[in-house]
Amino acid sequence: MPRFNAEEFAENIPGLVFAMFMALCGYAIWTQFKPISSLMWSFMIGIATSNILELPDNVRMGLGYSSSSLLKVAIALLGLVTSASVWFEVGVGAFNAIVIVLFAFITSLALGKRLGISNRLAILIGVGTSICGASAIAATAPAIGAKEEEIGIAISGITLFGLISMFLYPYLFTNTAVFDWLLGNPMVYAIWVGSGVHESAQVLVAASTLSPEYMQPALIIKSIRIFMIAPIVLASTFYLNRAEEGKLTAKVSLPLFAIVFLVNSLISAGLNTVANPVFHGAWVIVKAGLKSSIIPFLLSIAFAGVGSKVRFSDIAKVGWKPFGFAALMSIMAGVVALGMAVFIAPYIA
């Protein structure tokens with residue numbers, strides 16, 4: 001996470017203001033079309049703007065600042081609302097989330113290599129599938145030095161197949177043999193959704209299709225996956241250092257924003273246990289403000305910047321094979337998540 005430079009920040013204000021405008025537009029659209037998160041709308045508006053308009057250099061410079069420095073700050077702050085205590089709140093269901101994260105990440109690296117996908121793109125698709133869709137991709141990209149077109153392809157593919165999963169999971173549970181496999185238990189279904197669907201907003205929709213009461217367990221499972229951002233970013237950096245240098249002793253460059261995310265999540269867990277009612281009440285208010293307003297808005301501004309760096313002409317140079325890879329990873333992760341849900345179903349009340 002870079003040091004704050006007042007002069008540099010001032011130079012980037014025009015682009016930051018423009019990114020903020022796109023974020024506000026994304027939020028306005030989200031209020032009418034909620035299955036797609038406001039972050040995704042901001043990202044898509046950024047793509048459209050970049051490919052339709054010829055933006056001034058000072059605006060593009062600010063958009064680049066929002067997609068890098070501002071993004072790292074937002075991800076670090078995200079740790080304050082992702083308490084490490086979620087590991088202890090979901091019992092055996094936590095095992096599902098951990099298995100999916102490890103399976104999707106490791107499989108993406110191994111399978112991507114066989115299919116001729118670049119290491120960085122394979123990592124982005126792997127973390128997008130295993131953790132939290134576009135947010136994980138955007139968090140991992142600066143740590144591994146991913147190209148803008150690689151980020152665009154990964155986010156686009158993961159978003160598309162995440163949306164399909166959002167509608168497919170409830171259909172499979174209510175209309176196919178999946179209902180019997182999961183013993184007809186909506187709680188097991190919620191664990192499956194929390195383990196297999198990409199975006200948090202998509203998890204909410206897929207879980208609430210059955211009943212609003214199953215959103216919480218699905219989000220708890222989802223939170224465990226989100227909490228894995230920091231260690232997976234570190235693992236990605238370590239893997240690339242070894243793969244590109246070809247040495248077992250390759251030095252790992254630790255991304256500071258990922259470490260701050262991890263530390264903040266531990267701080268959050270500690271603050272949640274403070275007994276003083278006044279302090280605890282104040283922390284609840286601060287946390288609610290961070291979670292519902294400040295962090296989502298910062299991420300939306302950053303996503304507008306990320307989207308603005310995606311050019312269709314650049315994507316065409318990379319090719320469309322990665323989209324097939326993203327689809328394959330989504331299917332494999334969903335099937336493994338279902339298998340794990342079937343396995344634990346007898347132990348869920």
Side-chain angles (χ1 to χ4, degrees), residues 33-37 40 90-108 111 125-137 154-226 228 323-349:
F33 302 97
K34 290 192 175 181
I36 300 178
S37 70
M40 287 301 94
V90 293
V92 70
F95 186 59
N96 288 39
I98 296 171
V99 168
I100 288 300
V101 170
L102 295 177
F103 167 80
F105 181 69
I106 295 172
T107 302
S108 181
L111 194 57
I125 291 176
V127 298
T129 302
S130 63
I131 299 178
C132 55
S135 298
I137 292 171
I155 291 181
S156 299
I158 290 299
T159 299
L160 172 61
F161 299 113
L163 288 173
I164 293 174
S165 298
M166 179 182 72
F167 295 107
L168 184 61
Y169 280 44
Y171 173 82
L172 291 176
F173 182 73
T174 55
N175 295 280
T176 72
V178 170
F179 182 87
D180 296 324
W181 297 347
L182 300 183
L183 305 181
N185 189 339
M187 184 64 72
V188 181
Y189 166 77
I191 292 174
W192 177 38
V193 168
S195 301
V197 178
H198 303 331
E199 295 280 348
S200 295
Q202 296 161 357
V203 167
L204 281 172
V205 173
S208 63
T209 298
L210 267 63
S211 172
E213 67 180 290
Y214 297 113
M215 290 192 297
Q216 188 59 36
L219 281 178
I220 290 176
I221 298 296
K222 179 64 176 171
S223 295
I224 295 174
R225 293 167 61 195
I226 294 174
M228 294 292 287
F323 280 94
F325 179 59
L328 179 59
M329 287 303 305
S330 295
I331 293 171
M332 293 176 67
V335 170
V336 172
L338 177 59
M340 292 297 301
V342 171
F343 176 76
I344 68 165
Y347 307 100
I348 303 297

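Quick note: numbers below take in every heavy atom, side chains included, and nothing from hydrogens, waters or symmetry partners.
- Leu182 and Ala341 make their closest contact through CD2-CB, 3.7 Å (heavy atoms, listed as atom of the first residue, atom of the second, distance).
- Separation of atoms CG (Asn185) and CZ (Phe173) is listed at 7.0 Å; rounding is to 0.5 Å.
- The shortest heavy-atom contact between Ala97 and Ile224 is CB-CG2, 3.9 Å.
- Separating the CD1 atom in Ile344 from the CG atom in Asn96 is a distance of 4.0 Å, to the nearest 0.5 Å.
- Summarising the geometry, atom OG1 belonging to Thr176 is positioned 8.5 Å from atom CG belonging to Leu168; distances are rounded to the nearest 0.5 Å.
- Cys132 and Ala136 get closest at one heavy-atom pair: SG-N, 3.5 Å.
- Across all their heavy atoms, Pro170 and Ser165 have their closest contact at CD-O, 4.3 Å.
- Proximity of Val99 to Phe343: side-chain heavy atoms (C-beta onward) are nowhere separated by under 4.5 Å.
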Donor-acceptor pairs are to be reported for all side-chain atoms of residues 323-340 against protein atoms at under 3.5 Å, with residues two or more places apart or in another chain.
from: Ser330; atom 1: OG; to: His198; atom 2: NE2; distance (Å): 3.0
from: Ser330; atom 1: OG; to: Ala326; atom 2: O; distance (Å): 3.0

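- Under the 3.5 Å distance criterion, the side-chain polar atoms of Arg225 are matched with a main-chain donor or acceptor of Ser195.
- Side-chain contact check for Tyr189 versus Phe179: every heavy-atom pair is 4.5 Å or farther apart.
- Distance CD1/Ile125 to CD1/Ile158: 6.0 Å, rounded to 0.5 Å.
- Distance check, rounded to the nearest 0.5 Å: CD1 of Ile131 to NZ of Lys222 gives 8.5 Å.
- Separating the OG1 atom in Thr129 from the CZ atom in Phe103 is a distance of 10.0 Å, to the nearest 0.5 Å.
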